[in-house]
Visitor: 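What follows is a structure written as structure tokens; I'll ask about it next.
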Protein chains: 2
Amino acid sequence: MPRIDPDRLQELLKGINGFGRDPETGGFNRVGYSEADMAVRDWFADQMARDGLAVRRDAVGNVFGRFGPVDGPAILVGSHLDTVPQGGAFDGALGVAVALECVRALRDAKVSPARAIEVVATAEEEGRFGGMLGSQALAGLAGADWVAQAHDADGVALTDAMRAQGLDPAAADSAALPPGHAAAFLELHIEQGPVLEAAGIPAGLVTAVSGCSVLQVTLEGQANHSGTTPMEMRADAFAGLAQVGARIPSLIADHGTDQSRITIGKVALSPDEVHTVPGRAVFSVVLRDTDEEVMRGLRAELEAAIAGATTANGLTAAVEDRSWIAPVALDAGLRDVLARAAARCGHVAMAMPSGAGHDAQTMQTLCPSALVFVPSRGGISHAPGEWTDWPDVLRGVEVMLAALAELVSVT
Amino acid sequence: MPRIDPDRLQELLKGINGFGRDPETGGFNRVGYSEADMAVRDWFADQMARDGLAVRRDAVGNVFGRFGPVDGPAILVGSHLDTVPQGGAFDGALGVAVALECVRALRDAKVSPARAIEVVATAEEEGRFGGMLGSQALAGLAGADWVAQAHDADGVALTDAMRAQGLDPAAADSAALPPGHAAAFLELHIEQGPVLEAAGIPAGLVTAVSGCSVLQVTLEGQANHSGTTPMEMRADAFAGLAQVGARIPSLIADHGTDQSRITIGKVALSPDEVHTVPGRAVFSVVLRDTDEEVMRGLRAELEAAIAGATTANGLTAAVEDRSWIAPVALDAGLRDVLARAAARCGHVAMAMPSGAGHDAQTMQTLCPSALVFVPSRGGISHAPGEWTDWPDVLRGVEVMLAALAELVSVT
């Protein structure tokens with residue numbers, strides 16, 4: 001029976017996190033197509049080559065290491081190596097390290113897989129350029145045309161960023177995996193939320209990735225002196241915003257599900273002065289659910305709530321759709337494989353949705369895909385404080401290994 | 001009968017507004033103890049001297065011009081010459097110009113007043129240094145000790161600002177008017193609100209100046225990923241703020257009066273990111289009423305609303321009292337004089353409270369004081385768009401002149 005080597009896995013994760021570490025904050029900076037991001041890919045490719053995997057890289061920077069039969073469909077397993085600015089040690093990196101450790105464990109156990117495994121370290125998952133370029137390119141969803149129009153928040157063109165790292169943006173289409181190449185995709189990732197920790201369950205098997213609608217709402221009223229303007233003569237943009245915000249719990253209760261999330265995260269009042277009635281409020285709304293119909297319903301009810309708040313407060317409203325990402329149901333068959341694997345390992349696993357986006361949702365458009373969560377302490381992520389206890393990591397890895405062992409033996 | 005000379009008044013206001021005008025914005029910058037503020041005082045003192053008034057200046061920069069008997073109590077009439085940054089053409093300046101025009105009209109009509117009139121142009125009313133220094137010094141409420149501790153928002157010490165203009169901060173106590181000097185204080189000011197315009201009434205006779213309580217509230221929760229954190233596991237500081245904001249209308253309906261105003265004008269979320277549940281919200285609350293008991297009741301109910309919102313959202317709250325200014329009832333007898341004067345002039349006047357602070361409320365602690373409002377177009381103030389139609393100005397001035405004529409004939 002193949003067995004995980006905890007020390008070797010820890011050493012591998014430490015090796016990845018030798019790149020981009022900020023000693024002042026303890027955070028990691030391997031932003032897509034940065035020097036540190038490219039350097040860690042070189043290093044990781046080298047690790048896989050030393051293990052005897054057949055290494056290749058594609059036009060957008062995805063790195064692959066193939067184990068087992070040279071030809072035929074492969075089980076892809078991995079995650080991403082890039083981070084957000086000042087990100088944590090686990091987001092993406094853990095899933096990549098786990099993928100290689102599983103292969104090492106199979107190799108050491110002299111397993112001769114009937115089907116190949118490809119460890120994959122995807123590129124630019126964190127969306128510096130507004131997408132999940134690595135997996136989208138693999139799935140044929142982002143090619144040269146998409147690359148040509150993408151910029152980061154500082155206005156840097158993706159084409160320039162790629163060229164600076166020796167990648168040819170015009171060749172992006174070639175990253176699309178040929179039909180039949182990928183038999184399945186498995187990803188292990190930290191939950192980035194508090195659910196598993198609170199439930200005391202070591203592994204989550206993701207049923208679906210929530211869709212995500214981002215709105216920017218502008219309420220326009222009239223800035224006025226807070227002392228001289230009677231309440232009934234105001235057009236107070238903050239009062240409108242507060243009314244919308246206070247409506248959210250009942251809106252979800254009436255029209256949402258337990259998977260619904262509505263968040264107002266960013267607010268700018270104008271003039272934003274203590275003694276002045278706010279004349280304008282610009283705020284973000286992020287709306288998520290695992291059911292697109294529910295999302296549409298909540299979107300409509302939210303718009304009605306905004307309309308009600310504007311009427312009540314003498315405001316005008318502009319609601320701008322910034323993005324709409326549909327929910328993605330992951331593969332149920334593959335989730336069953338993982339559930340059986342968890343049972344064999346004696347680990348409790350729970351089915352759960354993912355509120356955050358992951359490569360697995362993109363890969364699902366290409367091949368059956370599955371996503372395993374391990375707990376995030378305190379739900380903290382995208383920050384230096386991100387942490388998963390090592391015993392929790394190991395339980396998740398054992399589930400992945402057991403599932404992979406089953407999948408590669410099937411012909 | 002003395003008569004206002006509209007052209008002369010307009011010319012005088014134009015003369016004052018020759019100082020500190022920003023040609024780019026059309027706004028006025030005569031911030032307390034700035035070069036422009038001191039220069040306009042020199043110019044205005046010179047205008048009064050040319051009119052034969054006995055001019056004097058005090059230790060904090062208030063400027064006086066006395067007309068009539070050299071000895072005995074005087075009717076003080078005036079307003080302030082300083083402005084907020086990028087202020088309008090009327091706030092303060094109009095009341096000063098009107099005071100001198102009334103004296104000129106009395107002089108031209110060969111009125112020989114039984115009681116002196118002192119035109120007064122107060123200093124630093126707009127609160128660059130956190131008070132209304134000019135009138136507070138006259139009333140003996142701010143002397144050298146107060147001056148020694150005051151700083152502006154940029155950290156400039158009031159003592160330094162005064163010394164730079166040749167004023168001796170240590171002499172501030174000497175600005176206090178001796179007992180019996182002021183028989184009354186009259187001020188004409190723009191309303192800075194929409195009430196008179198909406199009512200179609202040219203003059204407001206102020207009954208009381210609202211008290212003002214300024215709070216800073218901090219709600220602390222937990223910043224979290226907007227997708228991975230279920231609604232029921234959040235500690236969303238914005239959700240708490242929205243609940244407090246949405247409670248304001250019913251809070252006033254249940255515990256306030258038609259003079260109550262509660263304003264949330266300034267809001268800072270942290271981290272203030274689209275995809276993150278806000279972990280902290282810091283916001284201002286300004287609470288006003290003309291009745292201090294009502295203010296206390298609203299203050300308590302607001303605190304209860306904050307406590308309710310924190311409990312409901314898993315937050316902690318810190319409520320910091322930044323200032324508490326009690327309401328001031330102006331002199332009813334003097335208001336009657338003004339009401340009779342309005343009736344004699346054939347102008348409709350309405351009794352109303354003032355939601356903004358004015359020199360008259362400070363002077364009321366020294367002598368019977370009254371405040372006449374003229375309409376502000378659109379309620380706009382503290383901005384270049386501040387405007388009062390000239391016919392409205394003239395109706396207000398006629399009321400002031402008629403009242404003054406009555407007051408100075410009384411012995």
Side-chain angles (χ1 to χ4, degrees), chain A residues 191-195 198 210 212 214 216 222-234 236 238-239 241-249 252 258-269 271-278 284 286 288 322 354-357 376 378-382, chain B residues 191-195 198 210 212 214 216 222 224-234 236 238-239 241-249 252 258-269 271-278 284 286 288 322 354-357 376 378-383:
Chain A
E191 182 199 335
Q192 303 178 273
V195 175
S210 291
C212 179
V214 180
Q216 182 173 295
Q222 176 66 52
N224 266 316
H225 192 294
S226 70
T228 63
T229 315
M231 299 307 284
E232 71 279 8
M233 295 180 80
R234 297 181 174 200
D236 183 338
F238 175 76
L241 163 56
Q243 201 172 322
V244 173
R247 178 83 176 85
I248 289 175
I252 289 180
D258 59 351
Q259 301 312 330
S260 301
R261 321 258 184 271
I262 300 179
T263 308
I264 294 179
K266 192 175 166 71
V267 167
L269 301 186
D272 201 30
E273 287 174 9
V274 171
H275 287 285
T276 307
V277 177
S284 62
V286 178
R288 299 174 198 251
R322 285 298 177 93
S354 171
S376 293
I380 297 166
S381 183
H382 283 193
Chain B
E191 180 199 336
Q192 303 178 270
V195 175
S210 291
C212 180
V214 179
Q216 181 173 294
Q222 176 66 51
N224 267 316
H225 191 295
S226 71
T228 63
T229 316
M231 299 306 283
E232 72 277 9
M233 295 181 79
R234 297 181 174 200
D236 182 338
F238 175 76
L241 163 56
Q243 202 172 321
V244 173
R247 178 83 177 82
I248 289 175
I252 290 180
D258 60 350
Q259 301 312 328
S260 302
R261 321 258 184 270
I262 300 180
T263 307
I264 294 178
K266 191 172 167 71
V267 168
L269 301 185
D272 201 31
E273 287 174 9
V274 171
H275 287 285
T276 307
V277 177
S284 63
V286 179
R288 298 174 199 251
R322 285 297 179 94
S354 171
S376 292
I380 296 166
S381 182
H382 283 193

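First the proteins, then the strands, lettered A, B, ... as listed; each starts at 1.
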Visitor: Between CG of A:N224 and OG1 of B:T263, what distance do you get to the nearest 0.5 Å?
Guide: 10.0 Å
Visitor: Of the backbone (N, CA, C, O) and the side chain (C-beta and beyond), which part of B:R288 lies under 4.5 Å from a heavy atom of chain A, both, or neither?
Guide: side chain
Visitor: Determine the option with the most heavy-atom pairs under 4.5 angstrom with chain B, choosing from A:P194, A:P278, A:G193.
Guide: A:P194
Visitor: Are any side-chain N or O atoms of B:R261 and backbone N or O atoms of A:G227, one a donor and one an acceptor, separated by less than 3.5 Å?
Guide: yes
Visitor: Given a strict heavy-atom distance threshold of 4.5 Å, which part of B:V277 is in contact with chain A: side chain, backbone, both, or neither?
Guide: both
Visitor: To the nearest 0.5 angstrom, please state how far the CD1 atom of B:I380 sits from the OG1 atom of A:T228.
Guide: 11.0 Å
Visitor: Going by side-chain hydrogen bond (donor to acceptor under 3.5 Å, both in side chains), name the residues that satisfy it together with B:Q222, two or more places apart in sequence or in a different chain.
Guide: none
Visitor: Please classify the contact between B:R234 and chain A as side chain, backbone, both or neither, with a heavy-atom cut-off of under 4.5 Å.
Guide: side chain
Visitor: Would you please name every residue forming a side-chain hydrogen bond (donor to acceptor under 3.5 Å, both in side chains) with B:S381, sequence neighbours left out?
Guide: B:Q192, B:E386
Visitor: Check each atom of B:V214 against the heavy atoms of chain A and say whether the ones under 4.5 Å are side chain, backbone, both or neither.
Guide: side chain
Visitor: Measure distances from B:M233 to the heavy atoms of chain A and classify the residue's part below 4.5 Å as side chain, backbone, both or neither.
Guide: side chain
Visitor: So what's closer than 4.5 Å to chain A heavy atoms on B:I264: side chain, backbone, both or neither?
Guide: both
Visitor: What part of B:S210 gets within 4.5 angstrom of chain A, counting heavy atoms only: side chain, backbone, both, or neither?
Guide: neither
Visitor: Among A:A242, A:P249, A:G357, which residue forms the greatest number of heavy-atom pairs with chain B at distances under 4.5 Å?
Guide: A:A242
Visitor: Against chain B, work out which of A:S354, A:P230, A:S376, A:A239 has the most heavy-atom pairs shorter than 4.5 Å and name it.
Guide: A:P230
Visitor: By a 4.5 Å heavy-atom criterion (distance strictly below it), what part of B:S284 contacts chain A: side chain, backbone, both, or neither?
Guide: side chain
Visitor: If I compare all heavy atoms of A:G355 with all of B:H225, which pair ends up nearest, and what's the gap?
Guide: O-CE1, 4.4 Å
Visitor: I'd like to check B:M231 versus A:I248 (side-chain heavy atoms, cut-off strictly below 4.5 Å). Are they in contact?
Guide: yes
Visitor: Tell me, side chain or backbone of B:A356 under 4.5 Å from chain A's heavy atoms, or both, or neither?
Guide: both
Visitor: Top residue by heavy-atom pair count (under 4.5 Å) with chain B, among A:D236, A:I262, A:D258?
Guide: A:I262
Visitor: For B:S260, is it the side chain, the backbone, both, or neither that has a heavy atom closer than 4.5 Å to a heavy atom of chain A?
Guide: backbone
Visitor: Less than 4.5 Å to any heavy atom of chain B: does that hold for the side chain of A:V267, its backbone, both, or neither?
Guide: both
